[in-house]
Asks: 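Got a structure for you, written out below as structure tokens; questions coming shortly.
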Amino acid sequence: MDNKEINTKQDFIKTIASTMRFMGLKILLSGVDYSSPLPQIVAVYPDKEKYYLIEPISLECFSEESPRIYKEDEHRQVRKYCRNLFKDDCEKAAVLATVLCDLSAGVEMFTYKLVGTYELISMAKYACLAVPCALEDKTCQALNYLKLEHRTLNVLDKFTLILIDKTQTAKLPEIKKFIKFILNNR
């Protein structure tokens with residue numbers, strides 16, 4: 001796999017979308033198919049009555065200066081918590097921050113009953129991470145820290161999808177709120 005295709009988030013999103021479309025899957029993109037900024041990619045399986053909210057974590061997101069752990073937004077306390085939790089492992093800190101901040105925000109924001117011809121209201125909602133294959137183990141270790149049930153799926157050796165259980169997906173926003181509550185009341 002060419003690192004250029006997975007280095008930046010935008011390149012990684014293009015790689016994910018084109019690969020999944022090549023495989024015949026239905027892909028929805030933020031700003032094109034729906035208006036919420038997160039998640040940026042949604043994979044729809046109408047025949048299986050489910051859809052996946054995909055949060056891509058590109059190579060730049062795993063770096064020491066990762067925007068996932070240093071971004072100054074409404075989740076900065078949680079991002080700092082993740083940095084402090086994994087002081088010597090920026091990759092795990094980035095995964096944790098991604099799940100607690102970005103993926104949980106995507107789960108909260110994506111509340112569409114209908115997008116195009118897809119009746120999402122009748123389908124099951126799942127969250128998942130798309131990561132470079134080489135970082136699958138680190139990502140799973142970070143998810144184990146959160147005790148999130150998940151399974152992995154290698155997609156044509158281009159990237160790995162880490163699928164989070166449906167029940168766990170629904171709990172993500174609550175987990176983030178609980179951590180924020182704890183941090184605000186120390």
Side-chain angles (χ1 to χ4, degrees), residues 5-20 25-45 50-63 66-71 73-75 78-79 82 90-112 115 120 124-146 148-155 158-177 179:
E5 293 179 339
I6 59 175
N7 192 40
T8 67
K9 192 171 180 187
Q10 287 307 319
D11 289 338
F12 197 28
I13 289 170
K14 288 177 190 169
T15 298
I16 294 165
S18 65
T19 302
M20 294 181 91
L25 301 173
K26 308 297 181 205
I27 301 298
L28 304 174
L29 295 173
S30 173
V32 176
D33 301 299
Y34 54 91
S35 59
S36 61
L38 292 172
Q40 289 159 320
I41 308 173
V42 177
V44 182
Y45 299 84
K50 60 184 169 183
Y51 61 96
Y52 288 91
L53 311 176
I54 302 173
E55 182 61 39
I57 311 179
S58 64
L59 285 176
E60 75 176 345
C61 295
F62 284 100
S63 71
S66 172
R68 300 290 188 163
I69 49 181
Y70 288 101
K71 190 175 184 181
D73 61 5
E74 69 271 16
H75 308 295
V78 177
R79 294 181 195 281
C82 295
C90 64
E91 293 161 336
K92 286 183 186 173
V95 170
L96 215 57
T98 300
V99 170
L100 294 175
C101 301
D102 306 314
L103 188 58
S104 66
V107 170
E108 282 182 292
M109 282 184 204
F110 196 84
T111 57
Y112 297 95
V115 174
L120 302 176
K125 179 180 0 181
Y126 293 84
C128 85
L129 299 171
V131 299
C133 295
L135 291 159
E136 176 184 324
D137 289 341
K138 282 272 190 183
T139 305
C140 289
Q141 290 168 13
L143 292 176
N144 289 339
Y145 178 83
L146 287 174
L148 289 175
E149 292 180 38
H150 61 278
R151 45 188 187 132
T152 61
L153 176 66
N154 181 301
V155 180
K158 290 185 176 258
F159 56 89
T160 298
L161 287 178
I162 300 176
L163 314 169
I164 298 173
D165 175 80
K166 179 174 79 167
T167 307
Q168 305 286 322
T169 294
K171 291 179 184 176
L172 283 174
E174 293 306 314
I175 293 168
K176 177 182 70 180
K177 286 176 189 168
I179 289 172

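Computed over heavy atoms, backbone and side chain alike; hydrogens, waters and symmetry mates excluded. Note that the structure is a prediction, hence the values are computed from the model and not measured.
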Asks: Answer yes or no: is there a side-chain heavy-atom contact under 4.5 Å between L163 and Y52?
Replies: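 Yes - at least one pair of side-chain heavy atoms lies under 4.5 Å apart.
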Asks: Determine the minimum heavy-atom distance between I54 and P39, stating which atoms define it.
Replies: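 In this case the closest contact between I54 and P39 is O-CB, 4.0 Å.
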Asks: Evaluate side chain to side chain contact (heavy atoms under 4.5 Å, CB included) for Y51 paired with K125, printing each intermediate quantity in order.
Replies: CA-CA 5 Å; Y51 61 96; K125 179 180 0 181; 3.7 Å; yes
Asks: Among residues at least two apart in sequence or on other chains, which ones pass side chain to side chain contact (heavy atoms under 4.5 Å, CB included) with Y70?
Replies: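 Only R83 meet the side chain to side chain contact (heavy atoms under 4.5 Å, CB included) criterion with Y70.
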Asks: Can you name the closest pair of heavy atoms from F62 and I57 and give their distance?
Replies: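 Of all heavy-atom pairs spanning F62 and I57, the closest is CE1-CG2, 3.4 Å.
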Asks: If you count the non-hydrogen atoms of other residues, nucleotides and ligands that lie under 6.0 Å from NZ in K138, is the total more than 12?
Replies: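 For K138, atom NZ is crowded (more than 12 foreign heavy atoms under 6.0 Å).
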Asks: So, using salt bridge (Lys or Arg N to Asp or Glu O under 4.0 Å) as the criterion, who are the partners of D137 when residues are at least two apart?
Replies: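 Not a single residue meets the salt bridge (Lys or Arg N to Asp or Glu O under 4.0 Å) criterion with D137.
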Asks: For L38 and A105, work out which heavy atoms get closest and say how close.
Replies: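 The pair with the smallest heavy-atom distance is CD1-CB, 3.9 Å.
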Asks: Closest heavy-atom contact between A93 and C82?
Replies: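 For A93 and C82, the tightest heavy-atom pair comes out as CB-O, 3.5 Å.
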Asks: Just grab all the salt bridge (Lys or Arg N to Asp or Glu O under 4.0 Å) pairs involving residues 95-111, residues at least two apart or on different chains.
Replies: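 As it turns out, the salt bridge (Lys or Arg N to Asp or Glu O under 4.0 Å) pairs with a partner in residues 95-111, which skip direct neighbours, are R68-D102, R79-D102, E108-K176, E108-K177.
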Asks: Is there side-chain contact between L143 and Q168, with at least one heavy-atom pair below 4.5 Å?
Replies: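 They are not in side-chain contact.
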Asks: So, S35 and Y112: side-chain donor and acceptor under 3.5 Å apart, yes or no?
Replies: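 Yes, Y112 and S35 have a side-chain donor paired with an acceptor closer than 3.5 Å.
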Asks: When you compare the side chain of S18 with that of K14, does any pair of heavy atoms fall below 4.5 Å?
Replies: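 Heavy-atom side-chain distance check fails, nothing below 4.5 Å.
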Asks: Minimum heavy-atom separation for V115 to F110, with atom names?
Replies: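 Closest approach of V115 to F110: CG2-CZ, 4.3 Å.
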